[in-house]
2 protein chains.
Amino acid sequence: MKQEPDFELIESLFFAYRSFVGEADKILAHYGFGRAHHRVLHFVYRNPGLTIATLLDILQITKQSLARVLKELIETDFIMQQEGEDDRRQRLLHLTPAGYILAEKLSVAQSIKLNAALATIDADGHKYVRCFLKSMIKS
Amino acid sequence: MKQEPDFELIESLFFAYRSFVGEADKILAHYGFGRAHHRVLHFVYRNPGLTIATLLDILQITKQSLARVLKELIETDFIMQQEGEDDRRQRLLHLTPAGYILAEKLSVAQSIKLNAALATIDADGHKYVRCFLKSMIKS
DNA sequence: GAATTATGTCAATAAGGTTGACGTATTTCC
DNA sequence: GGAAATACGTCAACCTTATTGACATAATTC
């Protein structure tokens, strides 16, 4: 027997995600950045010293697409590159102090929103939410 | 006391959402459509006979942006417009049979993914997930 | 030394979004 | 009944983020 699609959940996820990224968008606009900059900033924040190749793997975009955004972040001094020690072809990515402050600001803003939503459910519901989201990634 | 941002949750939501929309993207590609078409298709599916103005409200985009996508969906016979009965300025939106089939196909594909993820957590965790996502929307 | 790898870059193109301006038909309101 | 507001369509210019394809350079590996 086939069952009806779970419209409620589909739409909840759509609107929830829009609300989630909208939070960061407001901050980014002050800097003239978009979501693409946010993603780069975030993953460099979280994985300091990562290579271009690794970042492309995470973001699942082409290097040509990354190039423009990364160039802007480097020129405005939010990200810096460092030659790889063992492999000098690599351009390891790091945040500048300004980049660190912005990345943190964005993460804090999104965390506040997430925590507010978590606060509406029982504490033992938190692990269900995390587990559900992680399952969505694997499949 | 300030606490560290919840990086794990932030990234889970990012990757989970990418996985969620990626599911539909594969289907849409066969029709030469993108996510913008999906959103229009979905909300017309869910709100048959809605007005252009209402759809713009839901999607939070401009009418010029909607125009192109809607035009394509009408020209390829997935959506049709019907003059409003009480207000003849309105162009009420409806799915054609083909539009209905596609919208359903997309919803089913996404539901399968959502259900698979829900299946990895206890049944009483489902309401926490739904509640959490709805709380994200309100705030 | 040759092949591979990591990265940079130029160019053309596409999807999806914006602002601003203007046109038309219809409805509402005084 | 005429003026104003509303619902929608459309033209034009522009922005962001992405794509594919081609080619260049430097460093590493075999």
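Order of the sequence lines sets the chain letters (A, B, ...), proteins ahead of strands, with each chain counted from 1. As the structure is a computational prediction, the values presented were derived from the model and not from experiment.
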Between [atom2] of [N] and [atom1] of [X], the distance in whole Å:
{"X": "B/E75", "N": "D/dG9", "atom1": "CD", "atom2": "P", "value": "13 Å"}
{"X": "A/L93", "N": "C/dA6", "atom1": "CG", "atom2": "C1'", "value": "12 Å"}
{"X": "A/L66", "N": "D/dT20", "atom1": "CG", "atom2": "C1'", "value": "16 Å"}
{"X": "B/E83", "N": "C/dA25", "atom1": "CD", "atom2": "C1'", "value": "10 Å"}
{"X": "A/D87", "N": "C/dT4", "atom1": "CG", "atom2": "P", "value": "17 Å"}
{"X": "A/E72", "N": "D/dT16", "atom1": "CD", "atom2": "P", "value": "7 Å"}
{"X": "A/K63", "N": "D/dC23", "atom1": "NZ", "atom2": "P", "value": "13 Å"}
{"X": "A/K71", "N": "D/dT16", "atom1": "NZ", "atom2": "C1'", "value": "16 Å"}

Give a yes/no on whether any side-chain N or O of [X] is located under 4.0 angstrom from OP1 or OP2 of [N].
{"X": "B/S65", "N": "C/dT18", "value": "yes"}
{"X": "A/R88", "N": "D/dA27", "value": "yes"}
{"X": "B/T62", "N": "C/dT18", "value": "yes"}

Residue whose closest nucleotide on DNA chain C lies nearer the 5' end, B/I61 versus B/D86: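 Nearest-nucleotide comparison on DNA chain C picks B/I61.
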Just by modelled atom types, is the [Y] backbone N or O under 3.5 Å from a matching donor or acceptor in the [X] side chain?
{"X": "B/S19", "Y": "A/M136", "answer": "yes"}
{"X": "B/S12", "Y": "A/R130", "answer": "no"}
{"X": "B/R18", "Y": "A/L59", "answer": "yes"}

Output field: ring centroids A/F20/B/Y17 closer than 6.0 Å: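 No - the distance between ring centres of A/F20 and B/Y17 does not fall below the 6.0 Å cut-off.
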Aromatic contact, A/F132 with B/Y128 (centres under 6.0 Å):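 Here the rings of B/Y128 and A/F132 have centres that are no less than 6.0 Å from each other.
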Contacting residues from residues 12-40 of chain A, given that a heavy atom lies under 4.0 angstrom of DNA chain C: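 Heavy-atom cutoff 4.0 Å gives no residues at all.
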Positions of residues 46-60 of chain A (non-hydrogen atom under 4.0 Å from DNA chain C), listed by number: A/T51, A/I52, A/A53
Any donor-acceptor N/O pair under 3.5 Å between C/dT5 base and A/R89 side chain: yes
N/O donor-acceptor pair, side chain B/R68 with base C/dG16, under 3.5 angstrom: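 Counting by modelled atom types and ignoring angles, a donor-acceptor contact under 3.5 Å is found here.
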Candidate nucleotides C/dT7, C/dA6, D/dC8, ranked by approach to the side chain of B/R91 - the nearest: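 Minimum distance to the B/R91 side chain belongs to D/dC8.
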Side chain of B/Q64 - closest among D/dC23, C/dG17, D/dA12: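 The answer is D/dA12, which lies nearest to the side chain.
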Find out whether [X] and [Y] are in side-chain contact, i.e. whether some heavy atom of one side chain is under 4.5 Å from a heavy atom of the other.
{"X": "A/L73", "Y": "A/F33", "value": "yes"}
{"X": "A/H42", "Y": "A/Q110", "value": "no"}
{"X": "B/I27", "Y": "B/L102", "value": "yes"}

Basic-acidic side-chain contact under 4.0 Å: A/R68, A/E72: yes
Touch class at under 4.0 angstrom, heavy-atom based, for B/Q81 against every strand present: sugar-phosphate
Gap separating the NE2 atom of B/H30 from the CG atom of B/D25, nearest 0.5 angstrom: 11.5 Å
